[in-house]
2 protein chains.
Amino acid sequence: MLLSIEPDGPVPIYQQIRDRIVEAIARGRQPAGSALPPIRQLAVDLGVNFHTVNKGYDLLRQEGLLRLGRKSGAVVRRDAGSGPPDPGWTQDWAARLRTLLAEAAAQGMPATDIVAECETAIADFAFPAAAAEA
Amino acid sequence: MLLSIEPDGPVPIYQQIRDRIVEAIARGRQPAGSALPPIRQLAVDLGVNFHTVNKGYDLLRQEGLLRLGRKSGAVVRRDAGSGPPDPGWTQDWAARLRTLLAEAAAQGMPATDIVAECETAIADFAFPAAAAEA
DNA sequence: TATCTGTTCTATATATTATAGAACTAATAA
DNA sequence: TTATTAGTTCTATAATATATAGAACAGATA
């Protein structure tokens, strides 16, 4: 489990930890049932306080992606193969997506490029029965 | 210029102001050259401090989307018809896109649904010579 | 001159972020 | 039992971000 962090970046460290793990889950590198490093160990590896890692893990638990146990540690609960997400969650996510895509359009990015970026990202994910036909 | 804000939401007010304006630009409701409300007036309309609006406008200025003048006020500088964005900017944006899309995949959203949400959002934008063929 | 607009400064209060240390709970291993 | 492991829960501190507030300034316009 490699996990590179930018300590001096604009995005909070606990958020970066959460983001990298979400990406690892989406790409199938952390399938459902797989274990994540213990909070204290990851904190040492990253050179940050264990409370910071704990906050990132807790975020993932609130999102339903992690299951945290006393001795079992942090285990992935959902992945790209799980059932469809909650309708309310999908709405919130779609709103954030619209804002992010609008940003690219406002910056003058062509529609074809925007679509291409989306497809490139999605192609890296590990869907259960992916068909990568062009 | 309608602009609804959630004062008690998790996202900062100045960020919401920035996001709504970005979406208005992308959708062609605020084309390049069009004027935005004065800082103080928008502050009154939204029921927030004018410093909060100023911070949102200043963000957009830093992103190259707005031009702020003494008497000219806030004028849109770039829109969906402008030239392609800066390569460095595109890289950063693509990274944020990958994180957001990974979130949906990790939550179990099917690839087809993710693509559909992207296309739905893009269809609302005002590209110069859009071809909406299916 | 007077007005409108963005800009800049100080100031205050609250919330967020990150670090730090200590103690606790539950499960496992020796 | 005893020790270890790992998450959980408290307090505490410092730095930064957020939002409000007021005042004053600078440039363009009527």
Side-chain angles (χ1 to χ4, degrees), chain A residues 1 3-22 30 33-78 96 99, chain B residues 1 3-22 30 33-78 96 99:
Chain A
M1 170 76 161
L3 216 163
S4 65
I5 294 297
E6 296 182 44
D8 299 327
V11 41
I13 299 173
Y14 75 90
Q15 183 75 43
Q16 293 185 46
I17 294 172
R18 177 266 181 195
D19 289 346
R20 295 300 86 75
I21 293 175
V22 166
Q30 286 286 165
S34 67
L36 271 68
I39 289 178
R40 286 176 177 82
Q41 180 189 320
L42 183 53
V44 171
D45 293 350
L46 296 178
V48 301
N49 192 272
F50 81 93
H51 287 111
T52 305
V53 177
N54 186 54
K55 194 167 182 179
Y57 276 24
D58 194 59
L59 257 185
L60 292 162
R61 183 189 57 77
Q62 290 176 26
E63 298 174 30
L65 292 177
L66 282 192
R67 180 167 42 87
L68 302 179
R70 296 284 169 166
K71 185 64 175 182
S72 56
V75 177
V76 176
R77 186 185 169 89
R78 293 179 64 85
R96 282 185 288 145
T99 301
Chain B
M1 171 75 161
L3 217 164
S4 66
I5 294 297
E6 295 182 43
D8 300 327
V11 41
I13 299 174
Y14 75 90
Q15 183 75 44
Q16 293 185 47
I17 294 173
R18 177 265 181 196
D19 289 346
R20 294 300 86 75
I21 293 175
V22 166
Q30 286 285 165
S34 66
L36 271 68
I39 290 178
R40 287 175 178 83
Q41 180 188 320
L42 183 54
V44 171
D45 293 351
L46 296 177
V48 301
N49 192 271
F50 81 92
H51 287 110
T52 306
V53 176
N54 185 55
K55 193 166 182 179
Y57 276 24
D58 194 60
L59 257 184
L60 292 162
R61 183 190 57 78
Q62 289 175 27
E63 297 174 30
L65 293 177
L66 282 193
R67 180 166 45 86
L68 302 179
R70 296 283 169 166
K71 183 64 175 184
S72 56
V75 177
V76 176
R77 186 185 169 90
R78 293 179 65 86
R96 283 185 288 144
T99 302

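Lettering of chains follows the sequences in order, A, B, ..., and the numbering in each one begins at 1.
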From C-beta outward on [X], which listed nucleotide comes closest to its side chain: [options]?
{"X": "B:I13", "options": "C:dT3, D:dA19, D:dG7", "result": "D:dA19"}
{"X": "B:K71", "options": "C:dT8, D:dG27, C:dT19", "result": "D:dG27"}
{"X": "A:V48", "options": "D:dT9, C:dT5, C:dT19", "result": "C:dT19"}
{"X": "B:H51", "options": "D:dG22, C:dT28, D:dA19", "result": "D:dG22"}
{"X": "B:T52", "options": "D:dT20, D:dG7, C:dA22", "result": "D:dT20"}
{"X": "B:A74", "options": "C:dG6, C:dT5, C:dA20", "result": "C:dG6"}
{"X": "B:R70", "options": "D:dT18, C:dG6, D:dG7", "result": "C:dG6"}

Original post:
Are any of the side-chain nitrogens in A:K55 or A:D58 under 4.0 Å away from the carboxylate oxygens of its partner?
Top reply: no
Using whole Å, report how far [atom1] of [X] lies from [atom2] of [N].
{"X": "B:Y57", "N": "C:dG6", "atom1": "OH", "atom2": "C1'", "answer": "11 Å"}
{"X": "B:D58", "N": "C:dT5", "atom1": "CG", "atom2": "P", "answer": "18 Å"}
{"X": "B:I39", "N": "C:dT3", "atom1": "CD1", "atom2": "P", "answer": "21 Å"}
{"X": "A:L36", "N": "D:dA6", "atom1": "CG", "atom2": "C1'", "answer": "14 Å"}
{"X": "A:N54", "N": "C:dT17", "atom1": "CG", "atom2": "P", "answer": "14 Å"}
{"X": "B:K55", "N": "D:dA19", "atom1": "NZ", "atom2": "P", "answer": "7 Å"}
{"X": "B:L42", "N": "C:dC4", "atom1": "CG", "atom2": "P", "answer": "18 Å"}
{"X": "A:R67", "N": "D:dA6", "atom1": "CZ", "atom2": "C1'", "answer": "14 Å"}

**OP:** To the nearest 0.5 angstrom, please state how far the CG atom of A:L68 sits from the CG atom of A:N54.
**Re:**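 That separation rounds to 8.0 Å.
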Subject >> Atom pair CZ/CG of B:R67 and B:L60 - distance to nearest 0.5 Å >> reply: 14.0 Å
Original post:
Between A:P12 and A:F50, which has a closest nucleotide on DNA chain C that is more 5'?
Top reply: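 Closest to the 5' end, via its nearest nucleotide, is A:P12.
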**OP:** Could you check if a side-chain atom of A:P38 sits within less than 4.5 angstrom of a side-chain atom of A:Y57, using non-hydrogen atoms only?
**Re:** no
Original post:
Are more than 12 heavy atoms from other residues, nucleotides or ligands located less than 6.0 Å from atom CD of A:E6?
Top reply: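 12 or below, so no.
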**OP:** Using only side-chain N and O atoms of A:Y14, determine if any of them is under 4.0 Å from OP1 or OP2 of C:dA18.
**Re:**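 False: A:Y14 side-chain N/O out of range (4.0 Å or more) of C:dA18 OP1/OP2.
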